[in-house]
Amino acid sequence: AEEVVIGAIYPMSGNAAPIGNDAKAALEATAELINGTHPPIPMLMGNGGGLPALGGAKIRVVMADHQNDPQKARAEAERLITQEKVPVLIGSYTSATAATISQVAERYEVPYISMDNSSPSLHRRGLKWYFRTSPHDEMFTEAMFDFFRDIGKKTGRPVKSVALIYEDSIFGVDSSNVQRKLAQEAGIRVAAEVKYRANSPSLSTEAQRLKAAGADVVMPTSYTNDAILMLRAMNEIGYHPRAIMAQAAGFQEPDFIKASGALAEGVFSRSSYAGDAVKARPAIPAVNAAYRARSGKDLNDNTARQVTSLQVLADAINRAGAANPAAIRKALTETAVPGVQLIVPWKGVRFDESGQNVEATPVIQQITSGVYRTVYPFDIASVEAQWNVGG
Amino acid sequence: MGLIYALVAAGLSLIFGLMDVVNFAHGELLMLAMYAAFVLWELSGVDPLLLLPVVALLLFGVGMTLYRGLIARALSVQFNRGMVQIFVTFGLAIFLRGLAQFAFGGEFHSITSGVVAGRTLAVGEVFLPLPQVAASLVCLAAFGALLLINRTEFGRALEATREDREAVALIGIDRDRIFALGWGLGAAAVGIAGVMLATFYYVSPNVGANFALIAYVTVALGGFGSLAGALVAGLLIGQVEALTALLLEPSLKQVGMFAIYLVVLTVRPRGLLGRI
Amino acid sequence: MLRLRDVSASYRGLKALQGVELDVAKGEVVAVVGANRAGKSTLLKAIAGQVATSGEIAFEGQDLRKLRAHEVARLGIGLVPEGRRLFPRLSVEDNLRLGAYAKRGDPDRFRPLELVFSLFPRLQERLRQRAETLSGGEQQMLAIGRALMTQPRLLMLDEPSQGIMPRLVDDILAAVGRIRALGMTVLLVEQRLAEALEIADRAYVLQTGRVVMAGPARDIAADAAVRRAYLGL
Amino acid sequence: MDNAILRRRRAELLGGVIVLAALAVLPLPIGDVYTRNLIIITLLFAGLAQAWNILGGYCGQISLGHALYFGLGAYASTLLFVRLGVPPVFGMVVGGAVGGLGALLVGWPCFRLSGHYYAIATVVVGEIGWLLFLNWDFVGGATGVYVPFQGESWLALQFRTAKLPYHYVALGFLALTWIAAWVIEGSRWGFSWRAVKDDVTAARSLGVRIFPSKMAAAAISGFFTGMGGAIYAQYVGYIDPDSVMAGTLSILIPLPAVLGGVGTLWGPLLGAALLIPLSELSRSYLGGSGRGVDLMLYGALIVLVALARPQGLVSLLGRRGGGDDARAA
Amino acid sequence: MPALLEVRELSKSFGGVAANVDISFDVGQGEILGLIGPNGAGKTSLFNSISGEVTPDRGEIRLEGVRVSGLGPVACAARGIARTFQVVRSFDSMTVLENVMVGAFARARRTRAAMALAEETIDFCGLTGRIDRPAWSLSPPEKRRLEVARALATGPRLLLLDEMLTGLTPTEAQAGVQLVRDVQARGVTIIMVEHVMEVVLPLVSRAVVLNLGRVLTIGSPAEIVRNPEVIRAYLGEKYAPAA
Ligand SMILES: Nc1ncnc2c1ncn2[C@@H]1O[C@H](COP(=O)(O)OP(=O)(O)OP(=O)(O)O)[C@@H](O)[C@H]1O
Ligand SMILES: Nc1ncnc2c1ncn2[C@@H]1O[C@H](COP(=O)(O)OP(=O)(O)OP(=O)(O)O)[C@@H](O)[C@H]1O
Ligand SMILES: [Mg+2]
Ligand SMILES: [Mg+2]
């Protein structure tokens, strides 16, 4: 049968290259599951054999490198559309590149599925061709504060103050804005706000400030390198916060856990993926195995979202019955997938007017013995949260 | 931190002084040193501090080889030597980054064992992270050694070679040998800084860039060709950085140190201790 | 001691020397004279290994063309180049001491300092000063001094009197005599023909890269054509 | 009166017109959007490199902070458009003016410095600008500024998918910088600047005013760079400090000029014509491997060209462009 | 002869070295003045002060009665003081014509006019055959001529020549002497530093002799060569019998 080519734009070189490499593995593994022959996996498009409505057409993902440069992201988007003739774009991890890819998609009238970009500003620009399967930072942050509230009730040790530390990028600033707002609404004091220079040679002074603030929970928003550095810097000055609640990103990276070792123990992070929720999401082992075969790693927050997005997209193309942009768009708007068909612990997938998936509900995880375990919502938690606040 | 800056800068300063040009691949030498430390540590499990001489030697070799293979050629061009050097080293930097990515992947690594790893020295209220303390001591020692070397006749020959690379032949000095040694020494200094840095900093293909700019600023602030200047400037910059982060916004701490640099340069256009 | 056969040199295709034949015997003072651009400086540079050449250049039987410039210097060939080529930002003292760099380990290596200071007392007064701030003449003295510090067996001087005050010109040329008495051989390029030919044993006349005349200095000085062409008489 | 200089200048002008005309028809037979994009970016960077060349090549002040002027221009025109609705066609000129002004402000302290001190100071100033914009909320901070698409318009320089208009905008920009360089080469300014580059002391003794010369060169260079930034912003539709002010851009701007030949009319264009397509293609076709092969290739290429053609690719064209074969070490 | 340049009690020292001490003398309109003295006597330093390159510590310099000391090289050039350098400084990336045009632009705003001026000056200095050669390829004597041409192109009233004739064979020096005379004939006043007495003495009307930064004596060539102090400090015994 014929092929449906999907254009994925990721950072394949430069600082964020590891992300791109993982994405490549995740997307290819997923495509294989969708195309190949294997025992049915209990998930959306989990039966293999390609897209039935298109005569078993296979999907193929072509990767393009944006080097985290908006101009290059734009050029690659155009190239994929005009040269590779892709009917749909996916990507792109960083917000700045998503901004230009979405613009190209809009002008060429091709759907763009933003799989792992979490900046809330992205879906608020009245774009018609923009879809985001993943939760955005506001949703993530809401989950954090919900968790604070519920665990406080449960243990009788509520969070009274938080300290925000975030990098000076679009990601960090957006995240901190929501955190500040939600903290206020929840009546939690913001004891310190530390905006720091991304990729600094040292974060000692920043750690010092956090220590001085002495808040119940430190809430960092950082990419991998700074995440590693931050934990070390805090350790070096003998600061061990009672809880760390991370805005995923760097803190979710396997590299982070590997490089930080024991220091990472007990760190909380929001996540849109719960690898341990096998009971609620039965497809996880099979998909994880497929990904592991390619990358040697387990699925994580980013890669799971990529897998999910590709599933959703494949399903939409299948329902569209044709690999043409307008049809795919229409099918996407009509998407309604229940959570159990996914590998992520969301309620499901349903896009609103702005293209945002409103049923993407995140979880909170904690690093226990070197791996992330889901601790919230309590109904899908695999372990009890280690909660030191107020204790 | 200041001492590490100073040592990274000292290596740069040597090379700078020598070939009289910005070595844009300097940060990448640091990156190589860190990877060397990491890989050796992973293979042998030996304490990173014991790897110091090995890595220093390795980087010495790398420095020599780079000079002989590339820089000597860049120096021998007739036209627009300054720019050629800038861009040869810049191209080299990009190449080395690509190479690191190719060889080690883009992942972040770090050294997690060793005598000093992750320990903290608590002196009353003040916490001194052991890796940094060790790094500072080692850097200081390395610095002393460099300063001594610079005072020898070899140091003088190095200066003379910078001044007039053709005329030194008249007094029987082999400029390629001197330059190669100088590059080796500069790289070895970076090697030492790299090992010490690796005990508390992560390693990745792009790690050099974070330090390179600071190294340039340190060298310029201290004055080109002045090792003592690099030391003073490194310490100063470390302090200013910490102060800005403490008193103003942490995200502006580099602005603080850059501003100091600009102010000093308007008053002393040749840096704190510079002569050139 | 020094023997050149059929030596040619060029700068990017521009011929500067063509088939030069020249000999210097041990202990001699040999002068090379000629108009501007005749190739005199190029000749000295060719011997010192600073320009590419073809032909044969032998020093005490050793082929210099195989050696690199610094190796030629280490053999004992010193050159005071045109344009001095000092190390401008180094002190006078460092400039002089570096002259003995190749002889590291030799306890006597700084001995020529005495000779240098006796020739140019001014240098002794200015030991700490940076070479670039010396006056033109002082720089010339330093260049000669530096070359002497290498303790050469063959000293090549390219217009040593350039920019030197009249009183000292005589001194320098007299110094050439003293240098020779110390056992050094001298190859001298000089614009002041009359003076140069006075102290030289033999002389060569260069013209557009070729040797057009060679012989005892006295004969050359007396040659009518030379006098007309170079002395303006 | 006729002499070598005048003859050469006439030939260059003729050559310029021919090349520009050729570039004007170049995209017509090319339907492929990606290639057209490549050409546009190449033209833009050729123009930017020429703008840098005015300060770095002719006046000899090696600035490694041009991203600042680029960013200033990009921000000025974009903010004017987004906030006040000023059409980018005018914003471009304002952007240039802001860039030029920025260059003057930077020049004021930095031109006291010489050699590497100057180069590093410009790096630092560029870095400061980038950090400030990153933290300055009024200009969008790290979030950047998004240029909404408001329909096709020449005034706004917005076109849905058409590439041709942008091609002519970029070509116009290149033509402008090229002609500026040509005029400067033959003018009193050009002579003064080149004298400043070669020997400051001698230039001064001939009555060349050093500081004003450098400032004038900086202003013109900054102006065109800012204008280039404005065009970039409108073309890409989104700017943030990382993409229009980062340090790497400060290297990418002069790189074509250096590889092509500094202080020459043709160097920047030649350099850009080689460099930009090469880096784009290597990224597109090798970057997907994620293993850094493209970077290795790109880096090695820069090293090779710089070593093999130290006087720039123009030297392949024989003797041209400002007597550059005379550019001794 | 009305004085074009007046130097009054000028002093300049560098660190501990007193390069010029209390120097006073006048230069008449249209004169060729010799400036001689031992190496390191302060001749080049004095030129640097007059051309504005350095600011004297004390004393003043007046050109046609107007104070010029401390104004800087650009202002001095604009007032008609031009110089050559002891260590030649050419714009090596430019051709001979372009080099000289830089000087010519001091007088002519427009390129064509500057070019015409430069061409004329180059002819005058005998560099016609080299007009399109890059400056770096010239021989040292040619470079000195180039310096003269460049300085002349600015249309100076006072020209300072620092050892312009060194390194020439006597024959070539004769041509240089002729050039200096021709320049004088154009109404340019000249101060020249030179160590080759055979060349300077016939050329100058008077000479200022510096020694250890001070004026040793000022006088006509004939007086100078007879002065025992000058002979002792500068000329050497060879000149004594000539007295
Ligand atoms: N570095 C160089 N590059 C190109 N050509 C050169 C170079 N040096 C000398 N030449 C040329 O080589 C020829 C011989 O020059 P050389 O300097 O040897 O002459 P010379 O006899 O020493 O003259 P002078 O009396 O001026 O010192 C001349 O034509 C000169 O122009
Ligand atoms: N910047 C400086 N620092 C220290 N000393 C200096 C400086 N400039 C000049 N001198 C000293 O001042 C004295 C006068 O130098 P100047 O160059 O004027 O001599 P000169 O008369 O031109 O000699 P020459 O005939 O050798 O060229 C010299 O002894 C020199 O060493
Ligand atoms: Mg010569
Ligand atoms: Mg002098």
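Below, chain A is the first sequence line, B the second, and so on; all start at residue 1.
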To the nearest 0.5 Å, how far apart are [atom1] in [X] and [atom2] in [Y]?
X         : Y         : atom1 : atom2 : value
Asp132(E) : Arg7(D)   : CG    : CZ    : 7.5 Å
Leu6(D)   : Met115(E) : CG    : CE    : 4.0 Å
Arg194(D) : Asn99(E)  : CZ    : CG    : 9.5 Å
Cys76(E)  : Arg204(D) : SG    : CZ    : 11.5 Å
Ile5(D)   : Thr95(E)  : CD1   : OG1   : 4.5 Å
Asp198(D) : Arg89(E)  : CG    : CZ    : 12.0 Å

Considering all heavy atoms of both residues, which atom of [X] and which atom of [Y] are nearest to each other, and what is their separation?
X         : Y         : value
Ala106(E) : Leu206(D) : CB-O, 3.8 Å
Met94(E)  : Phe191(D) : CE-O, 3.8 Å
Val208(D) : Val74(E)  : O-CG2, 3.3 Å

Are the side chain of Ser205(D) and the backbone N or O of Arg83(E) linked by a donor-acceptor pair below 3.5 Å?
->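 Between the backbone of Arg83(E) and the side chain of Ser205(D) there is no qualifying donor-acceptor contact (under 3.5 Å).
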Sort Phe85(E) into side chain, backbone, both or neither according to what part of it lies under 4.5 angstrom from a heavy atom of chain D.
-> side chain
Would you mind checking which part of Arg109(E) comes under 4.5 Å of any heavy atom in chain D, side chain (CB onward), backbone (N, CA, C, O), both or neither?
-> both
Residue [X] excluded, over 12 heavy atoms near [atom1] under 6.0 Å:
X         : atom1 : answer
Arg107(E) : CZ    : yes
Arg130(E) : CZ    : yes
Gln178(E) : CD    : yes
Trp178(D) : CH2   : yes

Residue among Ala202(D), Gly190(D), Ser192(D) with most heavy-atom pairs under 4.5 Å to chain E =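 Heavy-atom pairs under 4.5 Å are most numerous for Ala202(D).
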Anything in residues 145-160 of chain E with a heavy-atom distance to chain D below 4.5 Å? Please list those residues in order.
->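 Expected list: Arg150(E), Ala151(E), Thr154(E).
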